[in-house]
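Read the structure below first, then the notes.
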Amino acid sequence: MLDLRFVVANLGEVKKRLAARGGHATDALAPIEQLAAERRALIQSTETQRAEQKKASEQMRTLKGDEQAQLRARLKTLSDEVKEKDARLKEVEVSIEQALLNVPNLPHSSVPVGTSEKDNKVVREWGQKPAVSSPKEHTEIGEKLGLLDFERAAKVSGARFAFYRGALARLELALVQFFLDSARERGYLELIPPYLVNADSMRGTGQLPKFEEDLFKTTAGFYLIPTAEVPVTNYHRDEILSTMPLKYCAFSPCFRSEAGSYGKDTKGIIRQHQFHKVELVRFEEPDDALSALEQLVADAQAPLQKLGLHHRVVALCTADLGFSAEKTYDLEVWLPGQNAFREISSCSTFGDYQARRASIRFRPAQGEKPRLVATLNGSGLAVGRTVVAILENGQQPDGSVVLPEAIRPYMGGMERLT
RNA sequence: GGAGAGGUGGCCGAGAGGCUGAAGGCGCUGGUUUGCUAAACCAGUAUACGGCCCAAAGCUGUAUCGAGGGUUCGAAUCCCUCCCUCUCCGCCA
């Protein structure tokens with residue numbers, strides 16, 4: 001969430017920067033200026049009255065009889081007035097909060113301005129497209145080898161689910177371990193987080209209140225996490241951190257309702273209601289956020305490079321930027337079967353936007369005031385999509401799949417899927 | 001799920017309607033003392049939101065004793081609801 005004082009003091013600039021996101025990004029801001037003024041007036045008058053009240057209350061202790069009764073009557077009136085104003089103040093603050101919670105983050109000045117994903121900028125490419133003759137999609141490869149079963153998954157659960165079988169199930173978990181090893185070597189501490197979280201956590205990272213329809217909610221009121229970003233960022237909610245920076249990697253399943261994506265990627269395991277991911281999360285000093293983002297991208301690229309998977313780094317434009325993000329790079333891996341680059345990681349800095357929502361701070365130095373941290377996160381990597389990439393990039397004319405060398409030690413030396 | 005106990009500052013722990021941002025201790029920071037270390041002594045030790053101020057510093061007001069509501073002129077203290085923790089029993093990977 002944005003800082004109220006900053007927004008009010010720089011309303012024009014804020015609107016201008018939000019407009020670059022397109023659509024209705026600035027709508028929620030409309031009533032802010034007036035509400036902020038009312039809030040200030042209410043605070044001033046209630047606090048003055050409260051001070052008066054406090055002083056008079058002191059006298060109550062010593063007064064007796066009629067005098068006390070009189071003062072009590074006067075204080076009763078004062079007390080009622082303060083309560084009334086307090087109630088109004090609360091309303092105003094709730095309105096402000098609601099408004100701010102629905103305002104997305106300001107794009108960083110280095111983010112390319114654009115109107116759709118077509119305006120995203122390719123920053124660099126790594127590797128080369130493999131020579132695959134008449135490439136097939138992962139669904140066909142997986143089903144032919146008996147490694148993927150969508151039909152039974154549809155029976156058991158519904159659309160957008162899959163059974164992995166045999167060596168593919170093994171590959172999935174091997175990749176998890178491989179990604180965690182890669183992250184640990186780069187200084188990230190492994191976490192296994194809760195997969196169900198409360199509403200406060202969802203608000204902290206920005207999924208709520210605006211994107212409730214994208215989430216699964218349990219009857220007990222828990223939300224299933226759409227990414228480990230949620231529990232891991234909220235790990236330090238309402239804290240003042242004494243060690244900085246902090247780097248975590250977390251394995252978790254991710255659950256997404258995929259509302260509004262009907263007809264998109266309906267085939268295969270590209271877009272599922274449930275998938276596995278290793279997430280990288282960093283807590284940084286604000287001034288380090290941008291350089292940390294570059295490191296984060298490198299950290300996410302590392303396992304892709306070890307696997308020898310051709311990919312590119314894309315800077316998202318203002319229109320494609322996520323709600324809470326200040327700046328984002330996507331990693332897109334080459335999929336021969338689709339003849340396209342597809343997102344396999346998304347690395348973002350959120351500046352202090354999430355930290356303000358979740359109240360995560362650090363103390364710059366002994367005796368100094370706490371400051372909001374910068375939060376960052378990125379996939380390192382999406383496991384299912386890596387499986388897709390391995391199937392499609394490693395496919396052979398005979399239908400088998402050659403595994404990247406880097407993963408073989410995690411597969412007991414297995415060299416190919418047959 | 002059943003029965004009970006409890007949630008107070010960085011930590012431990014008093015407090016039972018007004019003088020309590022909160023005794024005392026520990027820790028931490030600064031200082032004095034000291035051959036060094038230790039000890040002792042003195043002082044300081046929160047956060048948020050307002051105001052004064054160009055700003056910072058500083059000063060000042062208000063709020064904060066798990067959360068929210070209520071009673072009262074006045075609530076850490078009384079009442080209600082909720083959350084969390086612990087113990088015992090049951091169930092369970």
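In what follows, every chain begins at residue 1, and chains take the letters A, B, ... in the order their sequences are listed.
- Comparing the P positions of B:rU62 and B:rA76 gives an interatomic distance of 14 Å, to the nearest angstrom.
- Scanning residues 191-206 of chain A for heavy-atom distances under 4.0 Å to RNA chain B yields an empty list.
- Not counting sequence neighbours, the partners of A:Ser110 by the side-chain contact (heavy atoms from CB on, under 4.5 Å) test are A:His108, A:Lys327.
- No side-chain donor from either of A:Asp86 and A:Thr46 sits under 3.5 Å from a side-chain acceptor of the other.
- In this structure, A:Leu376 and A:Cys347 have side chains that are not in contact, with every pair of non-hydrogen atoms separated by 4.5 Å or more.
- For residues 193-207 of chain A, the pairs satisfying salt bridge (Lys or Arg N to Asp or Glu O under 4.0 Å) are A:Asp200-A:Arg203, with sequence neighbours left out.
- Distance A:Leu241 CG to B:rG10 P: 15 Å, rounded to the nearest Å.
- Between A:Glu38 and A:Arg88, at least one side-chain nitrogen of the basic residue sits less than 4.0 Å from a carboxylate oxygen of the acidic one, meeting the salt-bridge criterion.
- On the C1' atoms, B:rA39 is 10 Å away from B:rU34, given to the nearest whole Å.
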>> Test side chain to side chain donor-acceptor pair (under 3.5 Å) on A:Asp288 and A:Ser291; report intermediate values, then the result.
In response: CA-CA 6 Å; A:Asp288 300 337; A:Ser291 60; 5.0 Å; no
Determine all donor-acceptor pairs shorter than 3.5 Å in which one atom belongs to a side chain in residues 272-281 of chain A; sequence neighbours excluded.
from     : atom 1 : to       : atom 2 : distance (Å)
A:Gln272 : OE1    : A:Ala162 : N      : 3.3
A:Gln272 : NE2    : A:Gly268 : O      : 3.1
A:His273 : ND1    : A:Arg256 : O      : 2.8
A:His273 : ND1    : A:Ser257 : O      : 3.4
A:His276 : ND1    : A:Glu172 : OE2    : 2.8
A:Lys277 : NZ     : A:Thr227 : OG1    : 2.9
A:Lys277 : NZ     : A:Glu279 : OE1    : 2.6

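- For residues 92-106 of chain A, the set of pairs meeting the salt bridge (Lys or Arg N to Asp or Glu O under 4.0 Å) definition, not counting sequence neighbours, comprises A:Arg39-A:Glu93.
- For the C1' atom pair drawn from B:rG27 and B:rG68, the interatomic distance equals 33 Å after rounding to whole Å.
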Per-pair distances, 0.1 Å, donor-acceptor, side chain in residues 77-84 of chain A, under 3.5 Å, sequence neighbours excluded:
from    : atom 1 : to      : atom 2 : distance (Å)
A:Thr77 : OG1    : A:Ala73 : O      : 3.1
A:Glu81 : OE1    : A:Gln49 : NE2    : 2.7

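- Sorted by first and then second residue, the pairs that involve residues 149-167 of chain A and meet salt bridge (Lys or Arg N to Asp or Glu O under 4.0 Å), not counting sequence neighbours, are A:Asp149-A:Arg152.
- The gap from the C1' atom of B:rU71 to that of B:rG17 amounts to 12 Å, rounded to the nearest Å.
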> How does protein reach along nucleotides 44-51 of chain B, written 5' to 3' as B (base within reach of a heavy atom under 4.0 Å), S (only sugar-phosphate), or - (no contact)?
Replying inline: ---SSSSS
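- The side chain to side chain donor-acceptor pair (under 3.5 Å) search around A:Glu58 returns A:Arg61, not counting sequence neighbours.
- B:rG69 and B:rG90 have their C1' atoms separated by 35 Å, with the value rounded to a whole Å.
- Rounded to a whole angstrom, the distance from the C1' atom of B:rC82 to that of B:rG74 is 26 Å.
- Stem analysis of RNA chain B (Watson-Crick or G-U pairs, both distances under 3.5 Å, runs of at least three) returns B:1-7 with B:83-89, B:10-12 with B:24-26, B:27-32 with B:40-45, B:46-52 with B:58-64, B:66-70 with B:78-82.
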> What does nucleotides 66-74 of chain B look like as a protein-contact string, B for base, S for sugar-phosphate only, - for none, at under 4.0 angstrom between heavy atoms?
Replying inline: ---S--BBS
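- Using a 4.5 Å cut-off on side-chain heavy atoms (C-beta onward), A:Glu332 and A:Ile344 make no contact.
- Under the 4.0 Å criterion applied to side-chain N and carboxylate O atoms, A:Glu239 and A:Arg361 are not assigned as salt-bridge partners.
- To the nearest whole angstrom, the two P atoms, one in B:rA23 and one in B:rU8, are 16 Å apart.
- Taking the side chain to side chain donor-acceptor pair (under 3.5 Å) definition, one finds that A:Glu52 meets it with nothing, sequence neighbours left out.
- Straight-line distance between the C1' atoms of B:rU45 and B:rG10: roughly 10 Å, to the nearest whole Å.
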